[in-house]
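A short write-up of the structure that comes next.
Every heavy atom of this structure was used, including side-chain atoms; hydrogens, water molecules and symmetry mates were not. In this chain, residues are counted from 1 in sequence order.
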Amino acid sequence: IAGARMAEIMTMGTDLAEIAPKIGHEMAVQIAIYREAEEVTEEVAGWLAGTFHVKAGRDLAVLALAGTATDMESIGEYLLGDRVVEDRQILEDGHEMLFESLAHIGGIARANVLCAVAWAHWTRGNSTEAMATLTEVIELEPNHALGTLFMRVIASGKMTKTALTKPAE
């Protein structure tokens, strides 16, 4: 499943306006499957492993936990915490699914999923847990660019707009 997913992402092209909504929708479907099954199924784990093995897949799948964006500036705003997450339930469920998927995923995909888990911790205001998770990323992949970037951002003391905004009741 993971190999086929990687190949699929590699053939999607580079048009963010086209691929961001597609991967976002697919991530929402995986979260729905996870919710219904109440566990990370083999299919969900394979989809996540394949998606998170490819940089664009990883970034756009994480974006799907935050909201909808189809240009680099908006994507960066979400990933760097400068925009409030649109749907906190998607963030919570996606975070839980990603964390549980770690039991099934290894290699570079594991390091990338750990980055996503760390990002979700940080986005929700838990910088300590985010840094602990990022330490695991760096232990797995000492030169992991995204892990290193997130560590620098979190170490600077930056808080996300989501963490600073009270959830809607």
Side-chain angles (χ1 to χ4, degrees), residues 16 20-21 23-28 30-32 34-35 40 44-45 47-169:
L16 285 176
I23 291 178
H25 171 75
E26 292 169 352
M27 183 67 161
Q30 299 308 308
I31 292 169
Y34 166 76
R35 284 178 183 155
V40 174
V44 169
W47 187 91
L48 289 169
T51 299
F52 278 82
H53 193 85
V54 179
K55 182 182 179 293
R58 172 200 69 198
D59 294 351
L60 295 175
V62 172
L63 171 66
L65 300 179
T68 305
T70 56
D71 63 84
M72 290 303 289
E73 183 178 347
S74 298
I75 290 169
E77 287 173 353
Y78 275 121
L79 296 181
L80 293 174
D82 295 329
R83 276 187 155 179
V84 176
V85 166
E86 292 174 12
D87 184 334
R88 288 182 192 237
Q89 194 60 54
I90 291 285
L91 174 63
E92 296 292 332
D93 292 348
H95 176 248
E96 187 178 300
M97 176 186 71
L98 290 168
F99 181 78
E100 288 184 23
S101 77
L102 290 167
H104 309 278
I105 298 174
I108 188 66
R110 180 179 181 81
N112 287 336
V113 169
L114 281 165
C115 273
V117 168
W119 175 86
H121 281 306
W122 174 63
T123 297
R124 293 166 40 231
N126 191 342
S127 296
T128 302
E129 195 64 37
M131 286 298 268
T133 304
L134 290 168
T135 298
E136 190 174 342
V137 170
I138 300 305
E139 287 171 0
L140 285 171
E141 299 280 334
N143 297 316
H144 195 278
L146 185 60
T148 302
L149 171 66
F150 277 156
M151 284 185 108
R152 276 193 240 137
V153 170
I154 295 167
S156 76
K158 180 175 182 174
M159 295 288 294
T160 67
K161 287 193 174 182
T162 300
L164 297 171
T165 304
K166 185 177 179 181
E169 297 287 326

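Expressed to the nearest 0.5 Å, how far CE of M159 lies from OG of S127 amounts to 5.5 Å. R152 CZ to S156 OG: the interatomic distance, rounded to the nearest 0.5 Å, is 11.0 Å. Between atom CD1 of residue I31 and atom CD1 of residue I90 there is a gap of 4.5 Å, rounded to the nearest 0.5 Å. Between atom CD1 of residue I75 and atom CE of residue M72 there is a gap of 6.0 Å, rounded to the nearest 0.5 Å.
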*Test log, rule side chain to side chain contact (heavy atoms under 4.5 Å, CB included), inputs M151 and M131*: CA-CA 7 Å; M151 284 185 108; M131 286 298 268; 4.2 Å; yes
ask   = Between L146 and D59, does a side chain to side chain contact (heavy atoms under 4.5 Å, CB included) hold up when you go through it step by step?
value = CA-CA 10 Å; L146 185 60; D59 294 351; 4.3 Å; yes
- Residue pair E92, R124: steps toward the salt bridge (charged side-chain N to carboxylate O under 4.0 Å, His left out) verdict: CA-CA 9 Å; E92 296 292 332; R124 293 166 40 231; 3.0 Å; yes
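Here the closest heavy-atom approach between residue G147 and residue V137 is recorded as CA-CG1, 4.2 Å. Pairing each heavy atom of Y34 with each of D93, the nearest pair is CE2-O, 4.0 Å. Taking every heavy atom of both residues into account, A45 and I105 meet most closely at O-CD1, 3.9 Å. Here the closest non-hydrogen pair linking W119 and L65 is CZ3-CB, 4.0 Å. In this structure, E86 and T68 approach most closely via the heavy-atom pair OE2-N, 3.2 Å. Across all their heavy atoms, T162 and R88 have their closest contact at O-NH2, 3.0 Å.
With a 4.5 Å cut-off on side-chain heavy atoms, E26 and T51 do not count as touching. In this structure, the side chains of M27 and L63 stay at 4.5 Å or more apart for every pair of heavy atoms. Between N143 and T148, every side-chain heavy-atom pair lies at or beyond the 4.5 Å cut-off. By the 4.5 Å heavy-atom criterion applied to side chains, T165 and V85 are not counted as neighbours. Considering only heavy atoms from C-beta on, Y78 stays 4.5 Å or farther from T123 through its side chain.
The backbone N or O of L102 sits less than 3.5 Å from a side-chain atom of R110, completing a donor-acceptor pair. A distance-only check finds a donor-acceptor pair linking the side chain of S101 to the backbone of L98 [under 3.5 Å].
Annotation: K55, atom NZ; neighbour count of heavy atoms from other residues, nucleotides and ligands within 6.0 Å does not exceed 12.
Ring pair W122/F150 is tilted by interplanar angle, where 30° to 60° counts as tilted.
N112 pairs in a side chain to side chain donor-acceptor pair (under 3.5 Å) with only one of the listed residues (H53, H144, E141), which is H144.
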